[in-house]
Colleague: 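What follows is a structure written as structure tokens; I'll ask about it next.
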Amino acid sequence: MKIQIISPGVYTYGSMVLGGILRDRGHSVNISKDLRHDGDVIILSLFSTLQLLDPAIREFVSKAGPPVYCGGPVGICPEMVLGELDVDAVAMCEGEGIIARLVEAGPEGVPGVAYREGEEIIRSEPLRMEVIDHTMPLFPPDLSEQSVRGANVYIETHRGCLGGCTFCQVPRFFGRNIRSRSLENIVEEVRELRRMGVKRVAVSGGTASLFGYRNALDKDAFIRMLQELSGILGRKNLSVPDMRVDLVDDEILEAIREYTIGWLFFGIESGSDRMLKLMRKGVTVLDNIRAVELARSHGVKVGGSFIVGYPGESREDFEQTLDFMEEAMLDDVFVSIAEPIPGTPLARVALNTPPADNPLFCEHSGAFRALRLSEAEARCFEMMLHGENCKPVPRAISEALYNTYLNEARSQGKDIREVYGLLNKYREFV
Ligand code: SF4
């Protein structure tokens, strides 16, 4: 069978894993970032709710001749996917265990799949993989040209997260039990990536140090993994960006300094304990600042990601976050307006918050009022500018940088209002 896997815009790791499974079944498989009709079956891998509204994707699936099966994190709300895209079925769970049956025999009777039958949507119980080692993924030949936050590819070492952050899909899609790949399986994959000319590899999975976790952190497993991968790629080409502040210690940070590019990104989210509690981060502002200081004491550079415009966030909460940034002096900062991803607790919170209490729907009347922004957009913009000023070596805000951040804040606000539109439309399912 000729199978076209489409991963719009970026080669996702999941699409490459599915490609490898289907290749080993004897199918002729091609992976593309472009929307193209070329195959007896099309698999569409989507990672963002907004992709459901992308006019090019909508037109593509409506005109596709062969069956189109959609997978990826958007599958957590199949009613939304089937309502927005003219696809033949949606995978609601991890795809490895079901992809061959789905492609070869259609959706009927396949676990973890939803599809339409007349007016009705048929759903079957999702399947959870116990072992997540997998066959060699199908790596596209131009993977070495891709750059996602500086890496050619993000590989998966484990699934699940112990955390329960309200805005995050990881524990909802993969669960809160940690399942890790074997080191041999990961090493074999990284060797193959290297052979193909891929240089820069990042480890994904929410919190890298959870690799090997069984009732407790297995620091030896994590450090051994870094040692092995660094030996193949060189430390300058390995990163383990995302980490929880309560899952690092001296040994872990020392290994990050020794075997990787020496950067970490903590999900700080807010400088207000009230907001951290609402987000169910499970840590406090003090935990955050201590982790930043500990990392720095080991010579590790620290970036932080922040969420603004969370439903119910007050001006005071926001100002506490600005104060935190001054104290922490982070080397890099990412700011996002809170996105209520379907399937997360934040989606319900967003639906139940009156617009007057939601900064995304309130007009900003402060220092940036001439720019006609929502309060969430204004906070996002101000925080990005502030992040530059708070770096150890502050960066001058040129007109170009100012406009880049302004456009970014506006664009985030517009996108997330569209996500709210979808949530409202499918409110009984999210
Ligand atoms: S710690 Fe990170 S991966 Fe885990 S639930 Fe929170 S945001 Fe998600």
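For ligands, and for the atoms within them, numbers begin at 1 and follow the listed sequence.
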Colleague: Verify the distance test for Cys161 against atom 4 (Fe) of ligand 1: any N/O/S atom under 2.8 Å, yes or no.
Modeller: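 A backbone or side-chain N, O or S atom of Cys161 is under 2.8 Å from atom 4 (Fe) of ligand 1.
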Colleague: For the rings on Phe381 and Tyr402, is their centre-to-centre separation under 6.0 Å?
Modeller: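 So the answer is yes for these two rings.
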Colleague: Output the list of atoms in ligand 1 that are nearer than 4.0 Å to some heavy atom of Pro171, sorted by atom number.
Modeller: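 Heavy-atom distances to Pro171 below 4.0 Å select 5 (S).
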Colleague: Out of Glu84, Lys425, Arg123, which one pairs with Glu79 under the side-chain contact (heavy atoms from CB on, under 4.5 Å) rule?
Modeller: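 Answer to the side-chain contact (heavy atoms from CB on, under 4.5 Å) test with Glu79 among Glu84, Lys425, Arg123: Arg123.
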Colleague: Considering Met279, Arg280, Arg244 one by one, which has a heavy atom nearer to atom 1 (S) of ligand 1 than any of the others?
Modeller: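 Looking at heavy atoms only, the winner is Arg244.
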Colleague: Can you check which of Gly267, Ser204, Cys168 brings a heavy atom nearest to atom 8 (Fe) of ligand 1?
Modeller: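 Looking at heavy atoms only, the winner is Cys168.
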Colleague: Are Glu326 and Cys390 packed together at the side-chain level, in the sense that at least one heavy-atom pair is separated by less than 4.5 angstrom?
Modeller: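 Side chain of Glu326 against side chain of Cys390, heavy atoms only: contact under 4.5 Å found.
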Colleague: How about Tyr420 and Phe361: are their ring centres within less than 6.0 Å of each other?
Modeller: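 Centroid distance Tyr420-Phe361: below 6.0 Å, so yes.
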Colleague: Can you measure from CD (Glu94) to CG (Leu127) and round to the nearest 0.5 angstrom?
Modeller: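 Output value for this atom pair is 8.0 Å.
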Colleague: What atoms of ligand 1 come closer than 4.0 angstrom to any heavy atom of Gly163?
Modeller: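 That gives atoms 5 (S) of ligand 1.
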